[in-house]
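Data block below; observations after.
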Number of protein chains: 2
Amino acid sequence: MSVAIKIALNEGLYIKDPQDSELGRNIIEHSIDLIDELGIEAFTFKKLSIRINSTEASIYRYFLNKHLLLLYLVNWYWEWVQYLIQINSRNVTDSKERLKIIIRSIVSASRENPMVGYVNESKLQKIVISDGMKVYHTKDVDDENSKGFFRSYKNLALTISQVISDVNPNFKYPYALATNLFEMANNHLFFAHHLPKLTDISIQANVYDEMIEMLEYYVDKLLTE
Amino acid sequence: MSVAIKIALNEGLYIKDPQDSELGRNIIEHSIDLIDELGIEAFTFKKLSIRINSTEASIYRYFLNKHLLLLYLVNWYWEWVQYLIQINSRNVTDSKERLKIIIRSIVSASRENPMVGYVNESKLQKIVISDGMKVYHTKDVDDENSKGFFRSYKNLALTISQVISDVNPNFKYPYALATNLFEMANNHLFFAHHLPKLTDISIQANVYDEMIEMLEYYVDKLLTE
DNA sequence: TTTAAAATAATAGTATTACTATCTATTTTA
DNA sequence: TAAAATAGATAGTAATACTATTATTTTAAA
């Protein structure tokens, strides 16, 4: 008997829980591969069905459309980062130290041990970096927000903002800094690879270490009075 | 005889310069309206052609596809912000003051006097906030970057980074801060309206003033030694 | 072990999208 | 006043984003 770890995600994200069946887990595993290869624009359920030797109709029984599938994957990532923060800062009481752990978790989530076999966290991070923000930059944000589809991100922002406020209770923008740390990490990893003139991070050295250094510098400067 | 102001944009962005004809200017004007109404996903050349009483084929003579049209519009915005910074900081020598003007230009570009009649800068800013980052988050970034399609953004980042370095020559991340200011302004205006839990900016008060205050606080904290 | 229910596969079909091609009418310019 | 450029009208294609139906296989319960 294998111990099945299940990530709790908003039930509105899927039609049938993909974690509960072979086909469902196959959809997750190979959609990550395929979106990573093609980008979300060129990715289709048809192509995925061919890849996994199934049919379009079968995939539609799990997800309403590719936008919801992407949203499911991004939510998974948000939960994964939240989880990493929790286990990595388990025994840490100093809030400054906790913030450093948060930064490390945000930047190199992909280098941590995987949680479940069928999710390649490294590719998932690449997807989040490239296409993550597309899940809320739509005309349906308000509707989807009211259904709780962004709750994992909000929870993550809340967690981070609380540590920020612990470090400096007078800091006026804990939520903005929380999301900014997350978005900056993703954005500048992308810029470093594709639009280097838009960042100071270089891929010559270790991108992750540079990113961590920059974000640590940022929070230190912003939170020290 | 009317004085036609012409914005210089990379020639690879269009097939035929839309600024040079009535139909071209119509495409610009009404694509801004329609993308603002529908979002870039639901926007099609077919719908635009109906709106302007023309045909799909005619629009295709100006732009290769809707992605290139969006890229054209976003480039216009980047040029427009650059232009605003230039004219608003004309006679300003103090670099701290210049940086404040930059922040104001980034945040409330839409409230400035329009440059040309057929471009609604206010709607254009809304498009950039909602869909702007989609122009480079594609599988074609590297190819399009090599064609110079993001040069206006890089120029803008350069301009801002130079002022940042003037304020504090020891600051290690002038480019990252430059793009971050721009992205933060857009992101948090979006969050304030749609995902308020992800920001500290509220639409209760004057969003623009709050944004300016936050960004000024950020640069002051980061650049003061 | 049988049988019913549930899940999946196979197949087909539709409306829309994202184009390309061609031909004609009109306007501009040389 | 003819050539060239521009725009409009129309048609057509392959792919996308689905929905629907029926057949087959798997699983779980009686």
Side-chain angles (χ1 to χ4, degrees), chain A residues 1-2 4 11 13-31 34-35 37-73 118 131 134-135 138-140 144, chain B residues 1-2 4 11 13-31 34-35 37-73 118 131 134-135 138-140 144:
Chain A
M1 186 188 135
S2 72
E11 293 186 6
L13 292 168
Y14 48 81
I15 293 164
K16 190 169 147 16
D17 194 334
Q19 292 180 88
D20 288 346
S21 73
E22 190 67 33
L23 178 61
R25 290 184 291 268
N26 251 300
I27 290 171
I28 301 305
E29 179 174 359
H30 292 95
S31 66
L34 211 50
I35 294 171
E37 285 170 36
L38 307 174
I40 193 68
E41 276 74 30
F43 168 85
T44 66
F45 280 5
K46 184 98 246 257
K47 289 172 186 167
L48 176 60
S49 72
I50 292 165
R51 172 75 61 106
I52 63 176
N53 288 305
S54 182
T55 61
E56 252 185 302
S58 298
I59 298 167
Y60 274 106
R61 259 182 240 111
Y62 284 84
F63 293 101
L64 197 63
N65 52 50
K66 76 168 170 181
H67 173 251
L68 269 296
L69 169 56
L70 178 65
L71 192 46
Y72 180 93
L73 296 176
Y118 56 96
D131 301 311
K134 292 174 191 168
V135 303
T138 69
K139 280 282 162 189
D140 300 325
E144 293 184 346
Chain B
M1 185 189 135
S2 71
E11 293 185 5
L13 293 169
Y14 48 80
I15 293 164
K16 191 170 146 15
D17 194 334
Q19 292 181 86
D20 288 347
S21 73
E22 189 66 31
L23 178 61
R25 290 184 292 267
N26 251 299
I27 290 171
I28 301 304
E29 179 173 357
H30 291 96
S31 65
L34 211 51
I35 294 171
E37 285 170 34
L38 307 174
I40 192 67
E41 276 75 30
F43 169 86
T44 67
F45 280 6
K46 184 97 248 254
K47 289 171 186 168
L48 176 60
S49 72
I50 292 165
R51 172 75 61 107
I52 64 177
N53 288 307
S54 182
T55 61
E56 252 183 301
S58 297
I59 297 167
Y60 273 105
R61 268 186 223 109
Y62 283 83
F63 293 100
L64 198 61
N65 53 49
K66 77 169 170 180
H67 173 250
L68 268 296
L69 169 55
L70 178 64
L71 192 46
Y72 180 93
L73 295 177
Y118 55 98
D131 302 311
K134 292 173 192 169
V135 302
T138 69
K139 280 282 163 188
D140 300 324
E144 293 184 347

Tell me which nucleotide among [options] gets nearest to the side chain of [X].
X	options	value
A/Lys47	C/dT8, D/dT16, C/dA21	D/dT16
B/Ser21	D/dA20, D/dA7, D/dT10	D/dA7
A/Glu56	C/dA18, C/dA10, D/dC18	D/dC18
B/Ala57	C/dA10, D/dA9, D/dA7	D/dA9

#### Entry: Opposite nucleotide pairing with C/dA4, Watson-Crick or G-U, both atom distances under 3.5 Å
D/dT27
Should [X] be listed as having a side-chain N or O under 4.0 Å from OP1 or OP2 of [N]?
X	N	result
B/Tyr62	D/dA7	yes
B/Thr55	D/dA9	no
B/Lys66	C/dA18	yes

### Query
Would you find a donor on one side and an acceptor on the other, under 3.5 Å apart, between the side chain of A/Lys66 and the backbone of A/Ile40?
yes
Can you tell me how far [atom2] of [N] sits from [atom1] of [X], to the nearest Å?
X	N	atom1	atom2	result
B/Glu41	C/dA18	CD	C1'	15 Å
B/Lys46	D/dT10	NZ	C1'	11 Å
A/Lys16	D/dT26	NZ	P	16 Å
B/Ile15	D/dT6	CD1	P	13 Å
A/Ile59	D/dA17	CD1	P	12 Å
A/Asn65	C/dT17	CG	C1'	16 Å
A/Leu48	D/dC18	CG	C1'	15 Å
A/Asn53	D/dT25	CG	P	16 Å

### Task
Select base, sugar-phosphate, or nothing to describe what A/Thr44 touches, counting heavy atoms under 4.0 Å on all strands.
sugar-phosphate
### Task
Would you indicate what A/Tyr60 reaches in the nucleic acid, counting non-hydrogen atoms under 4.0 angstrom: base, sugar-phosphate, or nothing?
base
### Query
Taking all non-hydrogen atoms of both residues, which atom of A/Tyr60 and which atom of A/Ile15 are closest, and how far apart?
O-CD1, 3.4 Å
### Task
Over all heavy atoms of both residues, which pair between B/Ser49 and B/Glu56 is shortest? Give the atoms and the distance, please.
CB-N, 3.5 Å
### Within 6.0 angstrom of B/Lys46 NZ, more than 12 heavy atoms from elsewhere
no
### Task
Kindly indicate whether the side chain of A/Tyr118, heavy atoms from C-beta on, has any atom under 4.5 Å from the side chain of A/Asn26.
no
